[in-house]
Amino acid sequence: MTQSKHETERKYEAPPGGVAGLPDLTGVGPVASVTTAGPEELDAVYHDTEDLRLAGSSVTLRRRTGGPDAGWHLKLPLAGDTREEVRAPLADDLPEPLRELILSRSRGAPLRPVVRIRSTRTVRQLRDAEGRVLAEVSLDEVRAEPAAGTGRAEWAELEVELAEGAPAGLLDVVEKRLRKKGIVRADSPSKLARALRDTGSVVERARSPEVVAGSPGSYVLAYVNEQVGRLVALDPAVRRDLPDAVHRMRVVCRRLRGCLRSYRSVLDRRVTDPLRAELRWLAGELGAARDQEVLSERIGGALAELPDELVLGPVAARLRAWEVSRGGGVRSRTREALATDRYLRLLDALDALLRRPPLRAKAAGKPARTMARAVLKEYGRLAGRMDRALAQPAGRSREKDLHEARKAAKKLRYAAEVARPALGKPVARLGKRAKAVQKLLGEHQDAVVAQDALRRMAVAAHGAGESAFTWGLLHGREGAGAEARRRELPEAWRAVSDPGLRAPLEH
């Protein structure tokens with residue numbers, strides 16, 4: 001069993017004189033009083049792969065004894081000063097749930113102890129007028145030893161950690177008081193990073209080949225690197241079924257696929273096409289869970305808006321049964337996909353692409369030409385699909401063509417995202433308008449999919465002797481919504497197809 005919390009803290013160099021050198025923080029912001037606790041003796045053994053893959057992605061995994069939170073601690077980076085700490089009970093071996101959460105970083109490589117860090121900690125608790133703890137200021141006397149070798153390092157450091165629910169701005173006002181005492185930020189983000197550095201345990205990583213700054217290759221690789229980082233970072237959230245995690249990972253897969261497709265003139269497709277196929281597989285495994293989530297929320301929300309007199313029969317119970325029957329299976333499918341060797345091979349292949357990018361000759365060319373052509377090519381594909389869809393009469397063929405146009409709008413939007421740092425506002429405007437078309441087409445597609453599900457539930461209700469009235473009513477509302485989106489589409493498309501929008505990219 002694991003528990004998690006968000007940890008927001010800042011690290012500083014210890015003041016001269018230790019605890020005696022700390023300033024009085026009473027009266028800083030909402031701090032009304034300061035109490036002292038400790039000292040505590042903490043003993044932590046940090047685990048990582050032989051080539052320090054966890055540390056290389058700012059992740060720490062430790063087994064700690066001593067203090068009030070002894071156990072296994074996994075720290076995952078979030079934004080700014082915040083990390084997520086996932087805890088498991090103290091045991092000799094790494095608990096399996098934590099092993100799964102680091103899989104996207106470790107790729108299944110064996111874990112071993114790398115550093116032992118012992119600390120003597122003295123804590124000052126900053127409290128408000130009601131006595132609630134707002135933050136803890138910890139002074140640590142640290143001794144670090146590598147698991148292999150004879151190096152040793154000692155230092156002192158200061159940590160300021162917010163308590164849950166405390167105002168984030170408190171860190172800034174405390175830091176202002178510390179600076180007045182000459183106390184500055186530490187130059188290492190964590191104890192582990194400093195221990196590895198000071199004991200000579202850092203592993204030299206193979207450097208990627210130099211890419212010409214400001215070239216198409218540099219922009220494309222920067223985008224790919226950003227998206228791969230997001231994919232790896234989202235993995236633990238998807239495994240724990242956190243809100244919106246599946247959707248965000250699926251979007252990352254689409255962005256990567258779109259980039260590798262649109263910029264074949266920059267990266268050799270003999271390498272990228274197999275990657276695109278694997279990203280499509282992963283997005284498909286994620287898509288089942290996401291599509292079910294969206295559909296359930298859509299139908300449930302529409303049902304909740306109906307007056308009671310229009311809800312005939314056991315509609316809510318049938319909807320819940322439908323959600324349960326479909327939801328468990330698709331979530332299992334997602335978890336099973338992330339447990340496969342195929343998924344780990346995909347992550348390895350993406351890493352290899354960044355370390356040894358298959359650059360083509362145009363990767364070193366002028367971005368204004370190479371990247372603009374890629375964006376305009378995606379525009380041309382979208383234009384063809386939109387013309388076909390808008391010319392179709394009502395029916396299944398039109399729905400299919402509108403769905404294909406939606407996918408083309410996404411590809412144009414993502415190609416524009418890649419090119420934005422190079423081409424600036426003109427391509428940003430085109431991407432923004434393509435997104436508006438994509439949104440309309442997405443709402444249309446959601447309505448079409450919901451209609452199909454509602455029709456099947458109406459048939460099931462009728463077969464069970466229940467009233468199908470409510471399902472038919474919801475079906476009709478979805479049909480009206482789809483028709484409204486189709487009426488809005490021509491105007492949105494005119495905004496994208498305006499020749500003046502593309503003119504800066506064509507010269």
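- Side-chain atoms of Arg413 do not come within 3.5 Å of backbone N or O of Ala434 as any donor-acceptor pair.
- Within the 4.5 Å cutoff, the side chain of Leu111 has heavy atoms near those of the Leu61 side chain.
- Separating the CG atom in Leu303 from the CZ atom in Arg298 is a distance of 14.0 Å, to the nearest 0.5 Å.
- No hydrogens or angles considered: nothing links the side chains of Thr199 and Arg152 as a donor-acceptor pair under 3.5 Å.
- Salt-bridge check for Glu154 with Arg143: failed, with every basic side-chain N at 4.0 Å or more from each acidic carboxylate O.
- Here the shortest heavy-atom pairing between Pro146 and Gly151 reads CD-O, 2.8 Å.
- Checking Tyr343 against Asp235 by side-chain atom types alone, a donor-acceptor pair falls below 3.5 Å.
- Taking the charged nitrogens against the carboxylate oxygens, Lys5 and Glu161 do have a contact shorter than 4.0 Å, which makes a salt bridge.
- For the pair Val271 and Leu353, the minimum side-chain heavy-atom distance is below 4.5 Å.
- Side-chain contact between Thr49 and Pro110: absent, with no pair of heavy atoms (C-beta onward) separated by less than 4.5 Å.
- Contact annotation: the side chain of Val375 approaches that of Tyr263 to within less than 4.5 Å [non-hydrogen atoms, C-beta and beyond].
- Side-chain atoms of Ser215 come within 3.5 Å of backbone atoms of Val212 as a donor-acceptor pair (strictly under, hydrogens ignored).
- The two residues Leu275 and Ala349 have their closest heavy-atom pair at CD2-CB, 3.5 Å.
- Within a 6.0 Å radius of NZ in Lys75, other residues, nucleotides and ligands contribute more than 12 heavy atoms.
- Remark: side-chain polar atoms of Asp140 are not paired, donor with acceptor, to backbone N or O of Val142 under 3.5 angstrom.
- Considering all non-hydrogen atoms of both residues, Val220 and Cys259 come closest at CG1-SG, 3.8 Å.
- In this structure, the side chains of Leu25 and Pro23 come closer than 4.5 Å at one or more pairs of heavy atoms.
- In this structure, the side chain of Ser104 engages the main chain of Val232 through a donor-acceptor pair within 3.5 Å.
- For the atom pair Leu103 CG and Leu98 CG, the distance stands at 12.5 Å (nearest 0.5 Å).
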Using side chain to side chain donor-acceptor pair (under 3.5 Å), reason through Asp24 and Thr26 one step at a time and then give a plain yes or no. CA-CA 6 Å; Asp24 182 9; Thr26 305; 3.0 Å; yes
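- Between Arg116 and Asp43 there is a salt bridge, since at least one side-chain N of the basic residue sits less than 4.0 Å from a carboxylate O of the acidic one.
- At least one cation-pi condition fails for Arg64 and Trp72: the charged atom is not both under 6.0 angstrom from the six-membered ring centre and inside a 45 degree cone around its axis.
- The pair Arg194-Glu13 meets the salt-bridge criterion, with a side-chain N (NZ, NE, NH1 or NH2) lying under 4.0 Å from an Asp/Glu carboxylate O.
- A salt bridge links Asp69 with Arg87: the distance from a Lys NZ or Arg NE/NH1/NH2 to an Asp or Glu carboxylate oxygen falls below 4.0 Å.
- Under 4.0 Å is where a charged nitrogen must lie from a carboxylate oxygen, and between Asp187 and Lys11 no such pair does.
- With 3.5 Å as the limit, one finds no donor-acceptor pair spanning the side chains of Arg406 and Gln445.
- Applying the side chain to side chain contact (heavy atoms under 4.5 Å, CB included) criterion to Asp244, with sequence neighbours excluded, gives His247, Arg248, Arg290.
- Under a 3.5 Å cut-off, the side chain of Ser188 and the backbone N or O of Ser190 do not form any donor-acceptor pair.
- Residues Ala88 and Pro95 share a closest heavy-atom pair of CB-CG, 3.6 Å.
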Check against side chain to side chain donor-acceptor pair (under 3.5 Å), Tyr46 and Arg62: CA-CA 4 Å; Tyr46 287 76; Arg62 71 189 180 198; 3.2 Å; yes
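- Atom CZ of Arg280 is surrounded by 12 or fewer heavy atoms from other residues, nucleotides or ligands within 6.0 Å.
- One finds a salt bridge joining Glu96 and Arg99 here, because a Lys/Arg side-chain nitrogen approaches an Asp/Glu carboxylate oxygen to under 4.0 Å.
- For the atom pair CZ of Arg254 and CZ of Arg261, the computed distance is 14.5 Å after rounding to the nearest 0.5 Å.
- Side-chain atoms of Arg255 never come within 3.5 Å of backbone atoms of Tyr223 as a donor-acceptor pair (strictly under, hydrogens ignored).
- Remark: the backbone N or O of Ala55 is paired with a side-chain donor or acceptor of Asp48 at under 3.5 angstrom.
- Residues satisfying the side chain to side chain contact (heavy atoms under 4.5 Å, CB included) test with Asp351, not counting sequence neighbours, are Arg107, Arg355.
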Begin with the C-alpha distance, continue with both residues' side-chain angles, and end with the deciding distance and a verdict on side chain to side chain contact (heavy atoms under 4.5 Å, CB included) for Arg240 and Ser4. CA-CA 11 Å; Arg240 289 178 290 160; Ser4 70; 4.1 Å; yes
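- Arg83 places no side-chain N or O within 3.5 Å of a backbone atom of Asp81 that could act as its donor or acceptor partner.
- The closest donor-acceptor contact from the side chain of Thr82 to the backbone of Leu78 lies at 3.5 Å or more, if one exists at all.
- Once rounded to the nearest 0.5 Å, the distance linking CZ of Arg276 with CG of Leu279 reads 9.0 Å.
- Checked by atom type, the side-chain pair Glu175/Tyr12 shows a donor-acceptor distance below 3.5 Å.
- To the nearest 0.5 Å, atom CD of residue Glu443 and atom CD of residue Gln438 are 10.5 Å apart.
- Between Arg121 and the choices Glu41, Glu159, Glu40, the salt bridge (Lys or Arg N to Asp or Glu O under 4.0 Å) rule is met once, by Glu159.
- Salt-bridge check for Arg63 with Asp92: passed, with a basic side-chain N closer than 4.0 Å to an acidic carboxylate O.
- Heavy atoms only, all atoms of each residue included: Gly214 and Pro367 are closest at O-CG, 3.4 Å.
- For the atom pair CD (Glu417) and NZ (Lys410), the distance works out to 12.0 Å, reported to the nearest 0.5 Å.
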Can you list the steps and then say if Leu139 with Val123 is a side chain to side chain contact (heavy atoms under 4.5 Å, CB included)? CA-CA 6 Å; Leu139 182 65; Val123 178; over 6 Å; no
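- Put simply, the side chain of Arg429 does not reach to within 4.5 Å of the side chain of Val427, judged on heavy atoms.
- Residue Leu474 comes nearest to Ala302 through the heavy atom pair CD2-CB, 3.9 Å, listed as atom of the first residue, atom of the second, then distance.
- Side-chain contact check for Leu90 versus Thr65: some heavy-atom pair is nearer than 4.5 Å.
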Check the pair Thr122 / Ser138 against side chain to side chain contact (heavy atoms under 4.5 Å, CB included), numbers first and verdict last. CA-CA 6 Å; Thr122 302; Ser138 304; over 6 Å; no
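- Leu221 has its side chain within reach of Leu359: a pair of non-hydrogen atoms, C-beta onward, lies under 4.5 Å apart.
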